[in-house]
Amino acid sequence: MLNLKLIRDNPTQVQELLNRRSADGYDIQPIVELDLQQRQLETQRSQLSARSNEIGKEIGQKIRNGSDPKGEEILALRESGNQIKAQVAQLEPQERELKAKINELLLQIPNLPHESTPIGQDETENVEVRRWGDEYKTQSEKIRPHWEIGEQLGILEFKRAVKIAQSRFVNLIGAGAALERALINFMLDSQIKAGYTEVMPPVLVNSDSLIGTGQLPKFAEESFKCGDDDLWLIPTAEVSLTNLYRSEVVTDSQLPIYHCAYTPCFRREAGSYGKDTRGLIRLHQFNKVELVKLVSPDTSEAEHESLVQNAEAILQALKLPYRVIELCTGDLGFGAAKCYDLEVWLPSSSTYREISSCSNFLDFQARRANIRFKETGKKGTQYVHTLNGSGLAIGRTMAAILENYQLPNGTVEVPEVLQPYLKREVL
RNA sequence: GGAGAGGUGGCGGAGUGGUCGAUCGCGCUCGACUUGAAAUCGAGUGUACCGAGAGGUACCGUGGGUUCGAAUCCCACCCUCUCCGCCA
């Protein structure tokens with residue numbers, strides 16, 4: 001969430017930055033007005049409370065000095081205390097309501113795009129930063145999509161998954177399941193080597209966690225909710241990992257904190273009917289290795305670049321052609337100030353498809369989740385900066401491997417780095 | 001799910017209606033002593049919000065309530081621990 005003081009002090013700049021996201025945009029004016037009202041109320045109420053506290057102390061002192069607790073003097077003081085209390089009781093709910101309303105509005109406002117984020121309307125104005133691995137693109141004439149390859153090899157099974165669940169689910173069979181596991185282990189091993197501490201977190205989380213990372217309140221329809229409990233299936237391990245430190249104050253010596261996790265991810269994909277209906281690209285349940293960093297604000301830009309490199313390293317090790325895209329302001333996710341997408345080459349459709357999204361949230365999530373750090377020797381606390389990225393989405397990686405490593409005879413070569421994990425060279 | 005115990009500042013731990021934002025110990029910071037360190041001694045040391053400032057308000061698991069006044073009394077909820085039950 002945005003800093004209320006920043007909105008208060010620089011409403012025009014904040015509004016201008018929000019407008020970069022979209023023209024119909026977000027209006028901060030209501031917040032500015034409510035904030036003004038709330039502060040006036042707060043001043044008024046706290047002055048009354050101060051007076052009331054004084055009266056309370058006076059009564060206590062008089063009784064200790066021998067005044068009759070039932071005497072006229074004390075009764076008069078109590079009466080005036082009661083009057084003030086009645087006034088406070090009137091103001092309090094108004095103030096609480098205003099605060100709640102402000103908070104509600106703040107939770108709906110997306111992050112301000114970073115100054116360096118390219119300005120644009122939608123994904124067509126995203127900027128390609130670099131490309132890697134053109135030399136690995138297959139020259140073969142006969143390219144089949146990954147779901148055909150997978151079904152023919154008997155390692156992907158969509159029909160029965162639909163039976164036991166619904167559409168957009170898959171069974172991985174035999175070598176398919178083994179390949180999935182190999183990818184998970186390879187990715188985790190690589191990221192652990194890069195300095196991330198592995199976590200196996202809950203994949204069910206409460207509402208506060210989803211608010212902390214920004215999925216709630218705006219995107220409730222994107223996640224699966226458990227009926228009887230305040231628990232949701234995570235759409236990404238970002239939620240679990242970032243919320244590990246919710247409402248905590250860490251010391252600056254603990255920073256930077258790097259975590260990686262393999263988890264299944266669950267997404268309702270509401271509103272994407274008809275999109276990517278075949279294959280592994282858009283499922284309700286998919287596996288992912290996620291990277292999360294909590295860092296000191298002055299390092300977050302450099303940390304962002306190195307996070308992207310950690311994700312890229314996986315694609316490079318797998319020799320999968322990809323490109324790095326910097327999202328423009330109009331395509332930026334809700335909480336991100338700056339975001340790079342990694343897109344892997346899928347030869348069957350001759351397109352690059354997103355396989356990792358690496359975002360810098362600055363203090364946006366830290367404010368929502370109240371994650372702070374204390375600098376030794378300094379008074380007070382500061383919000384950390386949070387970053388995350390996929391390292392990588394497993395299902396899409398499998399799709400890319402099946403397509404990029406397919407052989408004319410219908411089999412699939414196993415990428416060299418996976419061979420020790422999979423203990424075979426061909427699928 | 002049942003029974004019991006408990007949740008206080010970075011940690012430990014006091015505090016059962018007023019002088020408590022909270023004794024004390026540890027830790028930490030600064031200073032003194034010391035060639036240096038340890039030990040010792042002295043001072044300081046929570047967070048958030050409002051206010052130009054002086055200052056004020058709020059916070060003792062969370063939310064309500066009683067009272068002029070609540071860490072302390074009442075109610076509900078959450079969490080932790082022990083025992084029992086169930087269970088991958």
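The chains referred to below are lettered A, B, ... by the order of the sequence lines, with proteins before strands, and numbering in each begins at 1.
- Residue A:T381 is classed as a sugar-phosphate contact, given heavy-atom separations below 4.0 Å to backbone atoms only.
- Among the atoms of the strands shown, base atoms are found under 4.0 Å from some heavy atom of A:R64.
- Using atom C1' as the reference point in both B:rC59 and B:rU72, the two lie 16 Å apart (nearest Å).
- Straight-line distance between the P atoms of B:rC60 and B:rU23: roughly 16 Å, to the nearest whole Å.
- Counting only distance, with no hydrogens or angles, the side chain of A:Q15 and the backbone of A:P11 share no donor-acceptor pair below 3.5 Å.
- When the C1' atom is used for both B:rA70 and B:rU16, the distance is 10 Å, rounded to whole Å.
- A salt bridge is absent between A:E92 and A:K85; no separation between the charged side-chain nitrogens and carboxylate oxygens falls under 4.0 Å.
- Residue contacts shown for A:K62 are absent, as no nucleic acid heavy atom lies under 4.0 Å away.
- Between the A:K101 side chain and the A:L34 main chain, no donor and acceptor come within less than 3.5 Å of each other.
- Comparing the C1' positions of B:rU67 and B:rU40 gives an interatomic distance of 49 Å, to the nearest angstrom.
- Within 4.0 Å (heavy atoms only), A:R8 reaches sugar-phosphate atoms of the nucleic acid but no base atom.
- In this pair, A:Y245 and A:H259 present their aromatic rings parallel. The plane angle is below 30°, not in the 30 to 60° band.
- Between A:D363 and A:R367 a salt bridge is recorded (basic side-chain N to carboxylate O distance below 4.0 Å).
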Protein-nucleotides 68-71 of chain B N/O pairs closer than 3.5 Å?
| unit_1 | atom_1 | unit_2 | atom_2 | d |
| --- | --- | --- | --- | --- |
| B:rC68 | OP2 | A:N82 | OD1 | 3.4 |

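- A:R168 and A:E269 are not joined by a salt bridge, as no carboxylate oxygen comes within less than 4.0 angstrom of a charged side-chain nitrogen.
- B:rA71 and B:rG46: their C1' atoms are spaced 16 Å apart (whole Å).
- Look at the P atom in both B:rC68 and B:rG63: the space between them is 23 Å, to the nearest Å.
- One finds no side-chain N or O of A:K99 lying less than 4.0 angstrom from the OP1 or OP2 phosphate oxygen of B:rC49.
- Taking atom C1' in both B:rA76 and B:rA58, one finds a spacing of 23 Å when rounded to whole Å.
- Atoms NZ (A:K374) and P (B:rG27) sit 19 Å apart, rounded to a whole Å.
- Considering only the side chain of A:E42, B:rC50 comes nearest among B:rA58, B:rC50, B:rG64.
- For the atom pair CG (A:L179) and CG (A:L402), the distance works out to 6.5 Å, reported to the nearest 0.5 Å.
- The P atoms of B:rG61 and B:rG21 are separated by 16 Å, rounded to the nearest whole Å.
- When all heavy atoms of A:E104 and A:Q108 are compared, the closest pair comes out as O-CG, 3.0 Å.
- In this structure, A:R39 pairs ionically with A:D35, as a charged nitrogen and a carboxylate oxygen lie closer than 4.0 Å.
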Nucleotide pairing, RNA chain B (Watson-Crick or G-U, distances under 3.5 Å), in dot-bracket with [ ] and |: ((((((((.[[[..)..(.....]]]((((((.......))))))(((((....))))).[[[[[..)....]]]]])))))))....
